[in-house]
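Report on the structure given below.
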Amino acid sequence: MRFLFKTDYEDDIKLFPHSGYIYSYGLLLAVLLIAPYVLSSYLMSQLVFVCIYATVGVGLLILTGFTGQASLGHAAFLAIGAYTAAYLQQFNVPFLVYFLAAGLLTGVVGALVGFPALRLQGIYLVIATISFAFIVEEILARWESVTNGNEGMRVKTMQLLGTTVSRDGPTFYYLCLAVLVLTIVGTLNLLRSPTGRAFVAIRDSETAARSMGINVALYKVKSFAISAAITGFAGVLFAHKLSFISPEMFTLQLSIEFIIVILIGGTFSLHGAVLGAIFLVMIDPFLTYLKDDMPGVIGGIAATLGAGTERAGHIQDAVAAFASANGLKGAIYGIIIVLFVLFEPLGLYGRWLKIKLFFQLFPLYKRATFKRQKIYVKSERNR
């Protein structure tokens, strides 16, 4: 068991609290670097989506997890980044230029969304971001001279430094991994800076933040802009991976899935964005297995337990009908979110912390270790 004794402020904001972090993350990075040479193309494709969704999750964590501003409009920011890349490609703009342009444009739009949202909180802010998502989706469908409307746009194969980068090749995977790593490291440094500490102060108490001299309005807009810009970068990679984009790909459901990423992974940790992205990518293969293979498995178990051939066939048909039902994916999402909110509000990363701490402190672990105390003054009760 390792005890850390912090003697000054610099110890409290170190990027790596101790050398063990360097070794463990270095080993993880080494495994990810050799993954293209040991995994199948299907698994590599799934890892690419994990990197893209985790990048979006990190951007959303800055806004929601660390600043406390709810958003259900991040699919719109992803769309702006994707369409910027597809549009600029038509003029033979280099990848690095339209990649940066997509992030810059999305960040500006995020700041513009942040200004009217300054007077909104809670459910009203959620409604405002949903409205923004609907507006962007409608613009994409109607502005045919730029977006081709509902016909969608083809995204050309990426040209990086004069080299063609296939969406299924290891180079594209390394690019997505590099963007994710840089986003995480940049966000960690942001949270160690005065700006990041201001974000957290606003999340915990706007009244206390104002009393400390923090310009709450300015930092809220900054949070929207940074979060949107990161999502715009992910949108470029998303467009290249799919090679075709259309307005119906950036719906409210996608924004809800991004919220699921941070709720299930963990709302107050960057690890949660990665864990939530892994969950989001795994849900579709699970549903495919549930629909294609599970009915036969259940029917075989029923026959083994003594059910007749006809009875086992009926059971198999019933399971197949259930697995193919419309809305099953949404129902699974809803059930999982409710279970996490009730039993593990800190998400998958919170559960990992508790398991790790349990073995570190056994037999002295207390269940209330991670319970947050909330103390409000009278001026905050009417927020």
Side-chain angles (χ1 to χ4, degrees), residues 49 52-53 55-57 59-60 62-64 69-93 95 97-120 123-156 158 179 220-261 330:
F49 279 113
I52 295 173
Y53 289 150
T55 303
V56 178
L60 188 55
I62 293 175
L63 180 64
T64 302
Q69 304 299 297
S71 172
L72 273 177
H74 265 57
F77 295 132
L78 190 76
I80 293 172
Y83 271 91
T84 301
Y87 180 74
L88 292 180
Q89 267 194 331
Q90 298 175 352
F91 303 98
N92 297 319
V93 176
F95 167 76
V97 175
Y98 67 71
F99 180 76
L100 295 175
L104 178 61
L105 176 61
T106 313
V108 171
V109 174
L112 294 176
V113 173
F115 278 111
L118 293 176
R119 300 178 64 86
L120 302 174
I123 188 64
Y124 303 104
L125 180 56
V126 172
I127 294 173
T129 55
I130 291 175
S131 302
F132 166 71
F134 285 149
I135 291 171
V136 170
E137 187 178 351
E138 194 67 20
I139 290 174
L140 296 178
R142 302 295 179 184
W143 199 2
E144 297 183 0
S145 61
V146 174
T147 66
N148 285 344
N150 289 317
E151 293 183 4
M153 298 182 70
R154 286 283 176 189
V155 182
K156 301 176 185 178
M158 182 189 302
V179 171
K220 281 185 177 181
V221 173
K222 279 186 179 180
S223 179
F224 264 99
I226 295 171
S227 177
I230 292 174
T231 306
F233 291 138
V236 176
L237 301 177
F238 187 72
H240 278 292
K241 180 59 182 174
L242 296 181
S243 74
F244 175 81
I245 54 176
S246 61
E248 61 266 17
M249 296 168 59
F250 304 97
T251 60
L252 179 62
Q253 180 180 347
L254 184 60
S255 294
I256 294 174
E257 289 180 353
F258 292 151
I259 290 293
I260 290 172
V261 165

Ser223 meets the side-chain hydrogen bond (donor to acceptor under 3.5 Å, both in side chains) criterion, sequence neighbours left out, with Thr67
Just jot down the side-chain contact (heavy atoms from CB on, under 4.5 Å) partners of Ala225, sequence neighbours excluded, or say none.
Ala111
Checking Ser71 now: which residues fulfil side-chain contact (heavy atoms from CB on, under 4.5 Å) with it, not counting sequence neighbours?
Leu60, Leu63, His74, Thr129
Pairwise distance CD1(Ile245) to OG1(Thr147) - rounded to 0.5 angstrom
9.0 Å
Does the side chain of Leu78 reach to within under 4.5 Å of the side chain of Val56, using non-hydrogen atoms?
yes
Let me have the donor-acceptor pairs involving side chains of residues 102-109, under 3.5 Å, with sequence neighbours excluded, atom names and distances please.
| unit_1 | atom_1 | unit_2 | atom_2 | d |
| --- | --- | --- | --- | --- |
| Thr106 | OG1 | Ala102 | O | 2.5 |

Ring-plane angle category for Phe99 and Phe233, please: parallel below 30°, perpendicular beyond 60°, tilted otherwise.
parallel
With sequence neighbours left out, write down each residue that passes side-chain hydrogen bond (donor to acceptor under 3.5 Å, both in side chains) with Glu248, or none if nothing qualifies.
Ser246
Side chains of residues 81-90: which donor-acceptor pairs under 3.5 Å do they make with residues two or more places apart or in other chains?
| unit_1 | atom_1 | unit_2 | atom_2 | d |
| --- | --- | --- | --- | --- |
| Thr84 | OG1 | Ile80 | O | 2.6 |
| Gln89 | OE1 | Lys156 | N | 2.8 |
| Gln89 | NE2 | Tyr98 | OH | 3.3 |
| Gln89 | NE2 | Lys156 | O | 3.1 |

Among residues at least two apart in sequence or on other chains, which ones pass side-chain hydrogen bond (donor to acceptor under 3.5 Å, both in side chains) with Lys241?
Ser45, Asp168
When the side chains of residues 132-140 are checked against the rest of the protein, which donor-acceptor pairs come out under 3.5 Å, sequence neighbours left out?
| unit_1 | atom_1 | unit_2 | atom_2 | d |
| --- | --- | --- | --- | --- |
| Glu138 | OE2 | Arg142 | NE | 2.7 |
| Glu138 | OE2 | Arg142 | NH2 | 3.2 |

Pairwise salt bridge (Lys or Arg N to Asp or Glu O under 4.0 Å) hits with a residue in residues 100-111, at least two apart:
none
Contacts of Tyr124 that satisfy side-chain contact (heavy atoms from CB on, under 4.5 Å) - sequence neighbours left out
Leu120
Applying ring-ring contact (aromatic ring centres under 6.0 Å, His included), name anything that partners Phe224, two or more places apart in sequence or on another chain.
none
What is the minimum heavy-atom distance between Pro247 and Gly149, and which atoms define it?
CD-O, 3.4 Å
Would you mind writing out the side-chain donor-acceptor pairs for residues 253-260 within the sub-3.5 Å range, not counting sequence neighbours?
| unit_1 | atom_1 | unit_2 | atom_2 | d |
| --- | --- | --- | --- | --- |
| Ser255 | OG | Leu72 | O | 3.2 |
| Ser255 | OG | Ala75 | N | 3.0 |

